[in-house]
K.L.:
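Sharing a structure below in structure tokens format, with a few things to ask.
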Number of protein chains: 2
Amino acid sequence: MTSFEKQAGRPRVTLQTIADRLQVSRTTVSNAFGKPNQLNPALRQQILDLARELGYPGPNPAARTLRRGRSGSLGVIFPETLVYAVTDPAALLLLRGIAEASEAARMALWLAPVPPDREAGIAAVRDAVVDGFVVYSLAEDDARLQILAERAMPTVIVDEPPLPGAAFVGIDDRAGARAAAEHLLALGHRRFGVVTFPLADDDYTGPADLARQAAATIPISRARLAGYADALAAAGLPWDEVPVQETRLNEVASGEAAASALLDRSPRPTAIMAFSDLLAIGALRAAATRGLRVPADLSVIGFDDIPAAAMATPPLTTVRQPLLEKGRIAGRLLLDGWPANQPPTLRLPTDLVVRASTGPAPP
Amino acid sequence: MTSFEKQAGRPRVTLQTIADRLQVSRTTVSNAFGKPNQLNPALRQQILDLARELGYPGPNPAARTLRRGRSGSLGVIFPETLVYAVTDPAALLLLRGIAEASEAARMALWLAPVPPDREAGIAAVRDAVVDGFVVYSLAEDDARLQILAERAMPTVIVDEPPLPGAAFVGIDDRAGARAAAEHLLALGHRRFGVVTFPLADDDYTGPADLARQAAATIPISRARLAGYADALAAAGLPWDEVPVQETRLNEVASGEAAASALLDRSPRPTAIMAFSDLLAIGALRAAATRGLRVPADLSVIGFDDIPAAAMATPPLTTVRQPLLEKGRIAGRLLLDGWPANQPPTLRLPTDLVVRASTGPAPP
DNA sequence: GATCAAGTCTTGATCGATACAGTAGTGCCG
DNA sequence: CGGCACTACTGTATCGATCAAGACTTGATC
């Protein structure tokens, strides 16, 4: 047998089995498990004893969930694979926040898989036995959004994209990005390079021209690019001359590769703005490989302010966003609920955290 | 309304609702969703259209799970809170391994909450709608084991404690610990201090005397202490003179506090052996605070070889164990199953990884 | 023209519990 | 001694689907 097949040997034991043997009703047996003080303690003990003797596995959770209409689990959906989600520091901070809220409310977490087979990932969301969803940063055209809309469960969207009826928690990405660019402009930088994570859900890696930027299906990415562009425009600099390198995953290695491409251009940018700290740390590496001093020769600014940012060499200037807080709030929103037809929308603040990876532009 | 109450406005829509409206049977409607090629494409389209029009949320996952006897989720149970599990690098590596296996098999992950209220944590395991469990390192007297035994689902125990009928994946903790101690002994150390994580599930923090060591309910902890003791005994050193500090959580701060207590003793140990890398990193901090040079004045050895070990200052000597691999194997075992009554038991190897935090004993 | 297979749909049973309403029996009160 | 509350239990309906087996068409086959 494989482990998921039914136990071959033992006959199935249900509440009814026990009820029959003791000449009581199914309901009474059910109460013995679920409502201890609705029946005589002696009888209850008898029932529990017999249950153990017969190897009764306890009330079937699926049946219970069906009847009660409540599962005790919160679903969490990430844009990328689970393997990746439990690796990415930003995703983990969010997850931790959600866990704080769910654990306080005695709720379990259900994490959606993103198998190689796309259909399976969609089916998983359709079949999730949960009481609500927290959805993290999906692309606008992610097919799972459709399913979520159909299921019409309580849902909290974190970061993006808006979903009718769902609550929303996010930051002002455009303002955050703008603050990053303004910081660099104030330091005298004029030649920039940008490292982004995906602009669309299509596995592309490489330079992102204006057309691709305009066609982005990931709202966050659009907003951040717009924020950078806002700042440059305000300083009278043309955005269309700024090289943008898109990466597939939010990882140090991706950032290093993308930054390498930027640094090998001529003229070389004097400042690199990255969509995340991991990508920025990759940029630091690319600079180190080329013998560039940070911040004397090159300034690098990240986004998020994950713990590793402060530990980087040099410590990373970045735009802090409250990831843990976002998770906590998302979880609590879901658990507390909201007035019908008035899903709340929250925008949390970002802060520019200036450390040692940015400095005056080289002459 | 709060979000978890039933949608007040809309009347409930089920398969039957749709079937009635179209004058077909429930089953046909069911097939329209689940078995597309068992009915006329035109009819199927009609059904799907009407479903959308009526706002049918799709086949109820709980009902489906009940009928099919399969949920598509794997349960994962950690000893500590979920909040802690998604923070601890070792737990996360394991989780990532499990995710690799589950995602490849299109299975979701269900993470058990450990709410402040102990009963609730037990109930959560009882009510988990899953097809099997991976259980990580519980204390022998953890009440959830009882529930797991009753539920009699396919279960894989990682590290400890043995559970009848369950598969097992672990390492030889005793041998690993022994190797650590032997390494230090070979370097000439004679005065040791030990920093452990919990020996029992009782929130104790502080020195652990021989009585407490003997009463430990956490098999791993017993095994590692025994391993250290083996090595010392072989070298003719008395174990009962070795101070052991127990911590509550596997965290840097705990390690620092425990190591501080050890380092403030006189005579001071020349070597600290820690049950984990995080605790060892805490010991490095305690040493730094006291102006002790590592390894000139003090040697420190960890356990696990998490990524942070190699990045520590100085890089940490440690006993590597294949955490990711353990997760992968646990997941795969669970998914592949095993012959009835012959649950597999696997012991993976550990390796001593010598870096810069250990050196010859000071004269 | 009977037989068969494939395709399409239906019926009835079933998964395993909990909710809800109702029925005895018991004890206490005035 | 009637009335009332309380405890302990029962019976039926229900949660919302899927399964297994069978029935009816239709067209092809010999």
Side-chain angles (χ1 to χ4, degrees), chain A residues 5-7 10-20 22-47 51 54-72 123 126-129 131 150-153, chain B residues 5-7 10-20 22-47 51 54-72 123 126-129 131 150-153:
Chain A
E5 284 166 27
K6 291 160 190 171
Q7 297 280 352
R10 253 191 239 160
R12 240 174 220 317
V13 182
T14 71
L15 287 186
Q16 189 69 64
T17 318
I18 299 173
D20 291 348
L22 288 178
Q23 307 274 43
V24 297
S25 76
R26 209 172 39 254
T27 303
T28 297
V29 180
S30 172
N31 287 337
F33 289 92
K35 303 180 179 170
N37 44 10
Q38 302 239 337
L39 74 167
N40 188 307
L43 176 57
R44 173 169 137 92
Q45 197 51 54
Q46 258 191 66
I47 291 174
L54 295 179
Y56 175 61
N60 180 305
R64 190 171 240 192
T65 297
L66 171 60
R67 182 66 248 224
R68 289 194 167 154
R70 195 165 171 297
S71 72
R126 199 197 318 266
D127 284 349
V129 183
D131 298 333
E150 283 168 9
R151 289 199 58 173
M153 303 216 87
Chain B
E5 284 166 26
K6 292 159 190 173
Q7 297 281 351
R10 249 191 243 160
R12 237 173 223 315
V13 182
T14 72
L15 287 185
Q16 188 70 64
T17 320
I18 299 173
D20 292 348
L22 288 178
Q23 307 274 44
V24 296
S25 75
R26 215 173 36 251
T27 303
T28 297
V29 180
S30 172
N31 287 336
F33 288 92
K35 303 180 179 170
N37 43 11
Q38 302 238 339
L39 74 169
N40 187 308
L43 176 56
R44 174 169 137 92
Q45 197 51 53
Q46 258 191 67
I47 292 175
L54 295 178
Y56 175 60
N60 181 305
R64 191 172 238 193
T65 298
L66 171 59
R67 182 65 246 222
R68 290 191 167 156
R70 196 167 172 297
S71 72
R126 200 197 315 268
D127 285 349
V129 183
D131 298 332
E150 283 168 10
R151 288 199 59 174
M153 303 216 85

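Reckoned from all heavy atoms, side chains included, excluding hydrogens, waters and symmetry mates. So that the names make sense, note that chain A is the first sequence line, chain B the second, and so on, each numbered from 1. From a predicted model like this one, the values you see are computed outputs, not experimental measurements.
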K.L.:
Would you mind pulling out the nucleotide paired to dC30(D), Watson-Crick or G-U wobble, both distances under 3.5 Å?
P.N.:
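dG1(C) is the nucleotide pairing with dC30(D).
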K.L.:
What is the separation between atom CG on Asn37(B) and atom P on dC9(C), rounded to the nearest whole Å?
P.N.:
12 Å
K.L.:
Could you pull out all residues at least two apart from Ala123(A) that satisfy side chain to side chain contact (heavy atoms under 4.5 Å, CB included)?
P.N.:
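In terms of side chain to side chain contact (heavy atoms under 4.5 Å, CB included), with neighbours along the sequence ignored, Ala123(A) is linked to no residue.
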K.L.:
Each nucleotide in nucleotides 9-17 of chain D should get exactly one letter: B, S or -. Can you fill that in based on protein heavy atoms under 4.0 Å?
P.N.:
SBBBBBBBB
K.L.:
For Thr65(B), check side-chain hydrogen bond (donor to acceptor under 3.5 Å, both in side chains) against everything at least two apart and list the hits.
P.N.:
none
K.L.:
Measure all distances between protein nitrogen or oxygen atoms and nitrogen or oxygen atoms of nucleotides 4-7 of chain C, and list the pairs falling under 3.5 Å.
P.N.:
none

K.L.:
Under the side-chain hydrogen bond (donor to acceptor under 3.5 Å, both in side chains) rule, collect the residues that match up with Gln16(A), sequence neighbours excluded.
P.N.:
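Expected list: Asp20(A), Arg26(A).
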K.L.:
Has the side chain of Asp127(B) got a donor or acceptor atom that lies under 3.5 Å from a matching backbone atom of Pro61(A)?
P.N.:
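Checked: no pair found.
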K.L.:
Residues two or more places apart in sequence or in another chain: which of them pass side-chain hydrogen bond (donor to acceptor under 3.5 Å, both in side chains) with Asn31(B)?
P.N.:
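Testing Asn31(B) for side-chain hydrogen bond (donor to acceptor under 3.5 Å, both in side chains), a comparison that skips the adjacent residues, returns none.
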K.L.:
Okay, side chain of Arg44(A), backbone of Ala32(A): is any donor-acceptor separation there less than 3.5 Å?
P.N.:
yes
K.L.:
In whole Å, what is the span from the CZ atom of Arg70(A) to the C1' atom of dA19(C)?
P.N.:
16 Å
K.L.:
Which residues pass the side-chain hydrogen bond (donor to acceptor under 3.5 Å, both in side chains) test with Thr28(B), not counting sequence neighbours?
P.N.:
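So Thr28(B) forms a side-chain hydrogen bond (donor to acceptor under 3.5 Å, both in side chains) with Ser25(B).
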K.L.:
Looking at every heavy atom in both Arg151(A) and Arg126(A), which two are closest together, and how far apart are they?
P.N.:
NH1-O, 3.1 Å
K.L.:
Can you find a side chain N or O atom of Lys35(B) that sits less than 4.0 Å from OP1 or OP2 on dT8(C)?
P.N.:
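False: Lys35(B) side-chain N/O out of range (4.0 Å or more) of dT8(C) OP1/OP2.
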